[in-house]
Structure formats: C-alpha cells, structure tokens
**Q** 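Pasting in a structure now, in structure tokens, and then I'll have a few things to ask.
Note that the structure is a prediction, hence the values are computed from the model and not measured. Order of the sequence lines sets the chain letters (A, B, ...), proteins ahead of strands, with each chain counted from 1.
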Amino acid sequence: MTTTTIYGLLGALLVGVGLYGLIVHPRPLRKILSFNVLGSGVFLLFGVVARRGAAAGFGGDPIPQAFVITGMVVAFAATALAVALLLRLAEVGGATELDEPPPAEDRAA
Amino acid sequence: MRGLLDLWTYAAVCAGLFFFIAGTVGILRLPDTLTRLHALTKADNLGVGLVVLGLLPQTADALAALKLVAIWAMVLLSSATVSQLIGRAARAEEPPR
Amino acid sequence: MTSAGGELLVLALLLPVAGVLLAFLLGGRWAARITLLALALGLVLTGLLGVRLFASAAPLTYALGGWAPPLGILLRFDGLSLALLATAMVVLSAIALYARAEFAVPAGARETRASFVFWTLLLGVWAGLTVVVLASDLFTLYVALELLTFAAVPLVSLEGRADTLRAALRYLLYALAGSVLYLVGCALLFGAYGTLDIGLLAQRAQADPATLLACALMTAGLLAKTALFPLHIWLPPAHAGAPAAASALLSALVVKGSFFIVLRLWLEALPAVVTPAAAQVPAALGAVAIFFGSAVALRQARLKPMIAYSTVAQLGYLFIMLPLVLGATALGQSTATALAGGMLQLASHATAKAAMFMAAGLIYAGLGHDRVADLGGVARSLPLTVWAFALAGVALIGLPPSGGFLAKWLLVSAALATGQWWWVLALAGGGLLTAAYVARVLMVALSSAGPAPALRAPVARSRQWVVLGLALLSTLLGLLAWVPLAVVPLGAAGAR
Amino acid sequence: MALVLDAGMALCLLALALFALTARASYSAVAGFVAYGLLVALAWVRLAAADVALTEAAIGSGLTGALLLGAAARLRASESTTVAWPSAARRAAAALLSTLVALGLAAVVLWLPQPAPTLAHEAAAGLPSTGLGNPVTGVLMAFRGVDTFLEKVVLVLAMVGVWSLAADERWGGRPGLRHEADPNGVLAFFARLVIPLGLVIGLYVFWVGADHPGGAFAGGTVVASMWLLAMMTRLADTPPIERRALRLALVVGPALFLLVGLAGLAFGGGFLAYPEAYAKPIILAIEVAMTLTVAVTMALLLAGPPLRSADGQ
C-alpha cells in the first residue's frame, strides 16, 4: 500500500459515489453537486497517474497535472452554467425537479 | 538548542491541537449557535496561533516565518469577521434566551 | 511532423475561434456580419484544404508550437476530417442564411439577447467541430467536446420557456456525465501508455484491463452525448424546443461531433483493442434506435418533435458502420465501402435534417403552429417549403438519387461483403418506417381538400429558397457517388 | 505513519462526499462539499501537485462552493420538502452500475504498469527553451498551449450561456442581484482591509507561477474573489454586460494568445512557437492577459445573468 494506491482507490470510489448521485438524486442542485464529486474523483485518478510518473526531479508528471487544471476550470464553468439554468428555471417555472418528460406531443414547438 | 526548539514545537503544536479538538467537541455538543460560535473562535484563534508559534522555529528563513505569521493574522481577521456576521444572523433568527 | 500545407490547418482552427472572440467583443449587428464573413472565408479554406489533401494523398499535419507528440499536440486532417468539415461548412452556411432574418437586431436596438447568443454560439459550434476534425489528441478532443456542449446547451433554452430550460438542464447534465466518463478513460489511457496522441496510442495500445475499461467508459460517455438509444431521452425535448435554426444546428451537426470521436477512438486509436464482436453492441443499439425512434416519430402530433425523434432513429444508422468497418479490417478487405457509406449517411442526414427542421420552422412561422393534423393544404400556401420538406424526406428515406440511398447501398454492400447480413434488415426496415412518417406529413400537407390555410405572417421567399437549396443538395448527394469513395479513404484508418 | 494519515484523510473525504450527497437539506450538503473541497486540496499536496492544490482550493472548493451556497440559499424557499426518488429498481440498477465502475477503476489502479510511463523527462528537456521553471506552466502555456487557448474559448461560451438566461428586457444590464450588505458593517470593514492584500496575493500567485507553483488560473481566481467581495459589500457593482471594456477584458486572454500564435505563423516560427530569446516575456505577457480574463470571467460566471438594467435598477 502506497500513497498513490490509497488516493487511486479513493478516486475510484468517489467516481462511483458521484455517478450514483448524478443518476439517482431527484434534485438538480444535488445532481450538480454529485457531478463535482464525480469530477474530483476523476481528477484524483489523473493525480495518481501524475504522481506515479514522478521523474526528472519533478514530483509528478506535469502533463496530467495540467490536464487537471484545465479540467477544473471547465468543471467550474459547467457548474456555473448549470446553476444559472436551475435558478432561471426556478424563477420562470417554479418547480425545479427534472421529472420524467411529459409525452412529447404536449410540448411546444 | 535544536532539541529545545523541537521540544517547544511539540509542546505548542500539541497544545494547539488540544484547542482544535476542544473547539470541535464544542461545536458538536453545545446547544445553540452563539455558544457554538464561542467554541469555534477559541479553536481558530488559540489553535492556529499555537500551531504557528510552534512551527516558527522550524522555518528555513525569515521569509517563511513571516508567511506563517501572515497566515495567522489572516485567519484571525477572517474568523473575527465571520463570527461577527454569523452572530448577527443568529441573533436575528433565534433571540437570546 | 508538419506536412506541406499544414499552416492551412492552423488557419482553419483559428478562423471560427477568432469569429467567436470578435462577435463577442463587438456584439450587436456585428455578430451576424462577422459570422457570415467568417463562413464565406471558411468555405474557401475548406476548399483549399480539400485540394491540398487530394494533391498530397496523405493526411495534412501540423505540430503546434513545433512540439511533436507525445509532449506536444499534432493537428491532423484526413479524408474523414474533410467529410465532416465540408458537411459542417455547407450546413452552417445554409443555417446562417436562413437565420439572418430571424436573428437580426431590430431597428432601434443596439443589441438583443437572442441575436447575440445565437450568432456567438453558432460560431462556437463551428469552432468545436473544427477542433473535433483537426485534433489527434484525446484530451484536445475532450476540450472540443466541451466547446460543443457549451455552445449547444444555451441554444436549447434560447426562447427561455420553462420547458426548454428544463430540457437544456437535462441535456447539460447528460453531456457533463458523458464528458466526465470520457475523461476517466483519458486518465486510464495516460496511466497505461503515457500519451493521449491517437497515432502513438494506435502503436502502443493492447487489450489489457486499463485499456478495455477506458474504451468502455469513453464510449459510454460519447454515446450519451450522441444520444444513442437508450441514452437518447434528453434529445427530443431539447431539439424540439429550440428555435428551428438552433434545432437544425443541434440535430444536424452537434451530435455528429461526439460520433466522430467514437470513430477516431474505435477505428484509429484502439483498433488493436476493439473487435468486430464488440462493435455489434453499439450497432445493435443503433438498430434498436432506428426502429424505436421511427416508431415514436410516427406517433408525434407535432412536426418538430417528430423530426427530433427521426434524429434518434437516423443516428442509429451511423453506428452500424462500426462493425462493418471492423469486420472488413478483420477479413483483410478494404474498409473504404463501409467508411464511405457511414460518412455519406452522416453528410446526408446533416443536410436533410437541417433542411427539414428549417422547413418546419417556416411552416410554424407561417401558420403559427406545427400540428401535423392541421397542416391540410399547406403545400398550396408554402409550396417551396413543402417541396423542401419532401426532398429532405426522400434523402432520409434513402430513395435514389439521394445521398441517403447511396449511403445505405454502400452499407448494405459492406454488410454482405463481411457476412453480417442482419444489418441489412435494420437498414431496409428503417427506410420503410421513415417513409411512413414522412408520407404521413406529406399526405396532409398536399391534400387538396378545403381552402389553403391563410398565412398568419408572410414567409420570405429567400428563406424558403435557402431551405430548398439545402434539401436539393441532400437529394442530389447520391449523384456525387465518386466523392465519398475518393475522399474518405484518404489517410483514413490504418493509413497512419 | 504517513500512510495512516493518507488513509485517514481518504476516509474523511469519502465520508464528506457521502454526506454531501445524502444530507437532507441542500444547504448543509453544500457546506459539506466546501469542507470536502478543502480536504481534496490537501490530498493534492500529498500527491506532490502544488499547482493543482492551489487551483482546487481556489476554484474547486472556493468559487464552486460560493456558487452552490448562493444557489442553495436562493432555492431554499422554492424547494419542496418531499421529492420523488426514482423507483427501487432504478436505484438498484444505478447502484450496480456505479459499483461496477468504481470496482473496475479500483482494479485498474492496482493493475497500472510499473514503471509508470511518464513525460516528465520530455517536459524537463523542453522546459529550458521556454525560459520557465515551473513544468506545469510550461505544459499549459507552451507544450499544450492550444488546450489552454481553447479552454479559454470554452469560458467565453460559458459566459454567453450564463448571460443567455437573462430576461430579454434586462439584456445589456448588470449581472446579479443588488446586495443588501451594510456599507459600514463588519463585512465592509473586512473587505476594505483584505481586498488590497488579496489583490497583491493574487498577482503574486500569478507572478511566481513562471517558476514555482501558482499561475494565471489560481492567481486570477484570487483576484476574482476579491472583486466578488467588493460586490458583496457594495464597494463595487457588477458592470453592465453591454460595456465594451468589459467584453474586451473577457476575451483579451485568448485574443492575445491567438495574435501571438498568428505572429509566430507569419514570422516563420510556427503557430504558438515562441522565439527562444523572447519566450519568457511573451509567455508572461499572455499570462497577464489570461489572469485578467480568468479573474473577470470567474467573477461574472458566479454573478450570473443580468438581472438589473444598466443604471442599477
């Protein structure tokens, strides 16, 4: 058991936990939260890959570390867009649950 | 000399940790927001302060020591502000008994 | 690593990005002007790229910053890239011409929300697709996927109604789940091989646990973004609720981006890992999608949801090309027939579907509704538009001389050549069902009973001609039979 | 000893993640998530990725936490007390799928090849020609600069997306609600004290990023949070989105990247190839623009769509 193994297993578990929440939780805000947990699990897996590749005097392979930084910024932007959509939905439509879509023929064109 | 300083570090960091644990227990056990806040600020101020004081002799140079002290000052400032805000919000919501 | 003409790749990448930045900066009436100008330049550039590709008969490449993979990133342009980029440019241009009137800034206003958002995001879709066709690095392709997602989602809720907002949010959550699964796969592949460059992965990848799991997760993520059955439930409300021009963009192009990455992953990065047997799974889902999507389309009361379900079905055809290409490789045959058939199906669906959505948009604009039952005699009020709808329908059904016909013919030959006759059933059966839902609309629209419905608002002839032109193109794609066969194999799979 | 610490932290993280997903009230769940984010930042330190740790603390925990807390507070009123969970069968299927994915990933983590493949040597060899000392900045700005460039375009599209959710008549106006904080209150006092300090720290984090952990992302985010603090205490208001200067600030980072790239193409070096003698100053110039763009974008993504007209009503 090494540090990278521990965080690798943690990353795997967080992906599982986040994925479950994203699929199952009925509240959109909690789905967004689950997406962030899922994302951080994926980033930790990148971090483990980076740490295992420590060489040339660097504490880790800088390429996967850079992937994570890019990914985090994108994840924040995605969270911001999802939250803005959710708040607008609450303002316009009242209910925010993403219930099963009503039959498509009822929907406006 | 080195040994004495290390001893100081151990003692101060342990004392700091004690305040952190006491503060955490307080947040979990005390009955209302204001008393919990009391526990929290003790942990923040004394806990962080003692840990920083303990670590000071271990720093490589004066700049690093200065950074540690700056961190302490920032924690003090933000914790004082935040506890003020939480206290006011709590007083507005749950009037003191 | 940089080939002759590689600079063109950089220009192709920068053109839509510069368009996004300029349209965002200047806004107002400039957004539309910049888009149209950039598209004109883009069409010329795509032509130049095609000429260079034919002349060199090998993929064009460009090592960014002079750094070669695995440290740097290579831009790479091959026959598959040209097929998608050319399709995208033609469809984008048609949509832009169609949308010019709808998303103009009205006199007296400096800038309006719908206009600003539509034009910047149209450029964003273009930028995303360009990166999809040019990138040969799986992480750069992830950024491309995100470009497409962020450009597509706000288009769904452009009209701001609660149902469209809900559709957009559901779409965003599906798309984000898809990107994250794709990203996990990238982490595993990098952990196993130390590179995400497609060319290097093709040399190094083996069928080991990390690669198999990575391939499964990435494929699942991409399928969610492509809306392959059963991950399609976000698509119909999203595509049906957007304004017609945006629906055309989403249905014709955006979903093709993630499908294209499936092709790169399966056929180029990991051909040593995926087997013809594994490819039966997405193709079987595709076959189910064809029957399910068409059957549900047949039951829709409104035009736009019907067209959206038709997209669910038509996307199914694309996935049938996977086992055909891999089967041909396994038997040592040429993959050209299957590849050309698949890419032609992509181009044919993109042009026909965009034309169909825009025709539906014109009918809606004219009548104020798009209830199929109440379209009686609309062919007499909007003859050009109904013609366009019919021609697009011909291409979707796959009647000669449409691109859809040639595509299906090529796919059927590939299926028979590789001994996978069961896909012929899906290809033929889907055509019949498509014919049913297209005919259902046309029978009502062409009926001569009763007076022609009065138009609530005039519909500009120029917009009708744009739609008709695009529909005509999709119908005549089959006459250009030599093009897909010549274009697609250029530097396609296996020619690295 | 260190392994015990790591295992303890992993357990804490897992517990916090589960809390964030299962807590009844959304507000508590988000509070749990913020604590989770801070611990994740510590995990990054344990993985010897200080640059990532800074980014996680600033963006992953800080800004995302603030965003979600704001959303939870605004949704509290409209959130119904009961929600319909999916059927037991669907939950079981989701649980099975998630477990399979987690177990598969865990198995692959244990399987990963030894010695691990790495690009650290290639990065070390390439770094001198960029004039940078921090390899992560080298990857972001030089070796894989195009990813960073395109990701900035993603941010521009995200900004358009957030703004697109405004009401038509509010287009061009100021993002976000007017804050009600007392300009003479405790928070305003704190803000006056901290904002100058925070700006200096943000610029410092960006500046040292060339050779040490830091850089445009983390630095820009610190600057963004100072601006947000000023908005919250009404020391500053969000600018109207129709303002040309604001639009310029939002695109100047990628625009400069593009122009420098084009200049490289025109003068023979190639797109995104920096002439060796000027590599560092050019990269720093791009990073200055990036820091500005990141700061303004992050703050305005958090502020949301325009809700008030340009004169603040």
**Q** Below 30° counts as parallel, above 60° as perpendicular, anything between as tilted: where do the rings of C:Tyr142 and C:Phe139 land?
**A** tilted
**Q** Which bit of C:Phe190 comes within less than 4.5 Å of chain A, counting heavy atoms only: side chain, backbone, both or neither?
**A** both
**Q** Please classify the contact between A:Thr70 and chain C as side chain, backbone, both or neither, with a heavy-atom cut-off of under 4.5 Å.
**A** side chain
**Q** Which atoms of A:Leu22 come close to chain C, meaning under 4.5 Å heavy atom to heavy atom: side chain ones, backbone ones, both, or neither?
**A** side chain
**Q** Passes side-chain contact (heavy atoms from CB on, under 4.5 Å), A:Val92 versus C:Arg161? Steps please.
**A** CA-CA 7 Å; A:Val92 172; C:Arg161 292 190 316 271; over 6 Å; no
**Q** Heavy-atom cut-off 4.5 Å, strictly under: side chain, backbone, both or neither for C:Val153 against chain A?
**A** side chain
**Q** Please evaluate residues C:Ile233 and C:Tyr174 with respect to the criterion side-chain contact (heavy atoms from CB on, under 4.5 Å), reporting the C-alpha separation (whole Å), side-chain torsions for both, the decisive distance (0.1 Å), and the verdict.
**A** CA-CA 10 Å; C:Ile233 65 153; C:Tyr174 263 88; 3.3 Å; yes
**Q** Give the intermediate values and the outcome of side-chain contact (heavy atoms from CB on, under 4.5 Å) for residues C:Leu148 and C:Lys225.
**A** CA-CA 10 Å; C:Leu148 283 176; C:Lys225 286 185 168 251; over 6 Å; no
**Q** Under a 4.5 Å heavy-atom cut-off, does chain C meet the side chain of A:Phe46, its backbone, both or neither?
**A** both
**Q** Which bit of A:Ala75 is near chain C, if near means a heavy-atom gap under 4.5 Å: side chain, backbone, both or neither?
**A** neither
**Q** Please lay out, stage by stage, how C:Thr311 and C:Lys353 fare under the test side-chain contact (heavy atoms from CB on, under 4.5 Å).
**A** CA-CA 8 Å; C:Thr311 298; C:Lys353 189 48 62 75; 2.9 Å; yes
**Q** Once you measure the plane-to-plane angle for C:Tyr309 and C:Phe292, does it fall in the parallel (<30°), tilted (30-60°) or perpendicular (>60°) bin?
**A** perpendicular
**Q** Identify which of C:Leu176, C:Val184, C:Val180 forms the greatest number of heavy-atom pairs closer than 4.5 Å to chain A.
**A** C:Leu176
**Q** For A:Phe43 and A:Phe67, I'd like to know if the aromatic rings sit close, meaning centre-to-centre distance below 6.0 Å.
**A** no
**Q** Which region of C:Leu183, side chain (C-beta onward) or backbone (N, CA, C, O), has a non-hydrogen atom less than 4.5 Å from a non-hydrogen atom of chain A, or is it both or neither?
**A** both
**Q** Please classify the contact between C:Leu303 and chain A as side chain, backbone, both or neither, with a heavy-atom cut-off of under 4.5 Å.
**A** neither
**Q** If you tally heavy-atom pairs under 4.5 Å against chain A, which of C:Ser157, C:Ala308, C:Ala187 wins?
**A** C:Ala187
